[in-house]
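First listed ligand is number 1; within each ligand, the first listed atom is number 1.
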Amino acid sequence: MDKKVILLTGASSGLGKSTADYLTKKGYIVLGTSRTAAHPDEIRIDANTSFPLMIKMDVTSEQSISQVISFIQKKFGRIDILINNAGWGISGPIEKTSIDVTKSLFEINVFGMLRVTQQVLPLMRTQNQGLIINISSIGGVIGLPFQGLYSASKFAVEGISESLRMEVSQFGIKVVLVEPGDFKTSFTNNRKKICSSSSTYAQLLKRTTTVFEHDEQNGCDPILLAFKIEKIIRSSHPKVRYRIGSFSQKLVARIKGFISDKIVQWILMKYYKVK
Ligand SMILES: NC(=O)c1ccc[n+]([C@@H]2O[C@H](COP(=O)([O-])OP(=O)(O)OC[C@H]3O[C@@H](n4cnc5c(N)ncnc54)[C@H](OP(=O)(O)O)[C@@H]3O)[C@@H](O)[C@H]2O)c1
């Protein structure tokens with residue numbers, strides 16, 4: 001059987017890079033995207049490459065996405081798997097985060113994922129098969145203090161993915177959510193930090209940020225996510241969602257809905273030193 005063709009957004013670093021490298025080693029044809037890679041026209045195709053083929057794409061640009069998809073369609077004729085991984089974070093008080101900054105976050109995490117998905121779906125429909133894996137977060141199931149707008153963007157990813165899964169199942173297309181806990185990547189450094197030392201939130205923000213940045217920088221190895229993704233790809237009946245991270249993070253996400261919201265909030269506020 002021909003090698004499966006994978007389009008993986010945000011493959012230049014962190015979870016995306018690790019997954020792209022691993023899947024390539026496993027024999028998949030991985031087209032990884034980055035805003036700084038070579039333009040599609042400059043890419044030379046070697047289906048036996050031992051490295052992911054990196055292509056320039058910005059998920060905030062409709063045109064950039066369509067160039068990449070027509071390039072892949074021309075060269076390979078199909079996209080078997082789409083992994084929407086490109087993402088960005090913001091930390092800071094919701095009250096102090098401007099609407100413009102919030103919009104730029106949603107442009108990547110929500111509309112970026114949606115743009116790529118909407119452009120890949122027609123091809124997957126004609127193939128009568130496809131798998132879309134959307135990288136959400138445990139923060140997409142639980143509202144995290146001082147990462148509220150990031151959480152909001154991942155809650156949106158969750159809602160879109162759950163609905164889309166039902167809509168496209170008739171075409172043989174599967175939609176899966178992956179919810180990572182803390183992983184050690186460049187996400188912490190790349191995140192936009194909204195803070196001002198004069199802010200009424202300054203002290204609390206510093207305490208909470210210290211906790212989650214420490215957890216991220218001591219988080220899981222990205223290769224674990226790559227293993228999980230490969231398992232999902234090989235599964236003939238993938239589940240709606242897969243959670244991956246430390247035991248305690250997965251546990252809190254799991255008990256939400258079973259125990260009182262007040263208790264969940266108490267646990268989170270204690271853990272993140274919000275009280
Ligand atoms: N690390 C964690 O603890 C964690 C936990 C839960 C969920 N996640 C999610 O996992 C995903 C990957 O994060 P990461 O930890 O690997 O972060 P990362 O190391 O900062 O990587 C982010 C990736 O997204 C790409 N990207 C950013 N903006 C983009 C844009 N406008 N268009 C196209 N690509 C863009 C970057 O590529 P270029 O800059 O090269 O374009 C980079 O490859 C994100 O969706 C994140 O929300 C991470």
For the ring pair Y150 and F187, is the centre-to-centre distance below 6.0 Å?
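Judged by ring-centre distance (under 6.0 Å), Y150 and F187 do meet the cut-off.
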Cut-off 3.5 Å, no hydrogens considered: what does the side-chain donor-acceptor table look like for residues 267-275, sequence neighbours left out?
| residue | atom | partner | partner atom | Å |
| --- | --- | --- | --- | --- |
| Y271 | OH | D215 | OD1 | 3.3 |
| Y271 | OH | D215 | OD2 | 2.6 |

Assess whether a salt bridge exists between E216 and K184, defined as any Lys/Arg side-chain N lying under 4.0 Å from an Asp/Glu carboxylate O.
no
Anything with a heavy atom under 4.0 Å from ligand 1 counts, so go ahead and list those protein residues by chain and number.
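Heavy-atom contacts below 4.0 Å: G10, A11, S12, S13, G14, L15, S34, R35, M57, D58, V59, T60, N85, A86, G87, I108, I135, S136, S137, Y150, K154, P180, G181, D182, F183, T185, S186, F187, N190.
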Partners of S260 by side chain to side chain contact (heavy atoms under 4.5 Å, CB included), sequence neighbours excluded?
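Once residues adjacent in sequence are excluded, the partners of S260 under the side chain to side chain contact (heavy atoms under 4.5 Å, CB included) criterion are K262, I263.
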List the atom pairs, donor and acceptor, that lie under 3.5 Å between side-chain atoms in residues 84-92 and the rest of the protein, sequence neighbours left out.
| residue | atom | partner | partner atom | Å |
| --- | --- | --- | --- | --- |
| N84 | ND2 | T117 | OG1 | 2.9 |
| N84 | ND2 | N134 | OD1 | 2.8 |
| N85 | ND2 | T9 | O | 3.1 |
| N85 | ND2 | G10 | O | 2.9 |
| W88 | NE1 | N190 | O | 3.0 |

Looking just at side-chain N and O atoms, do Q147 and R191 make a donor-acceptor pair shorter than 3.5 Å?
yes
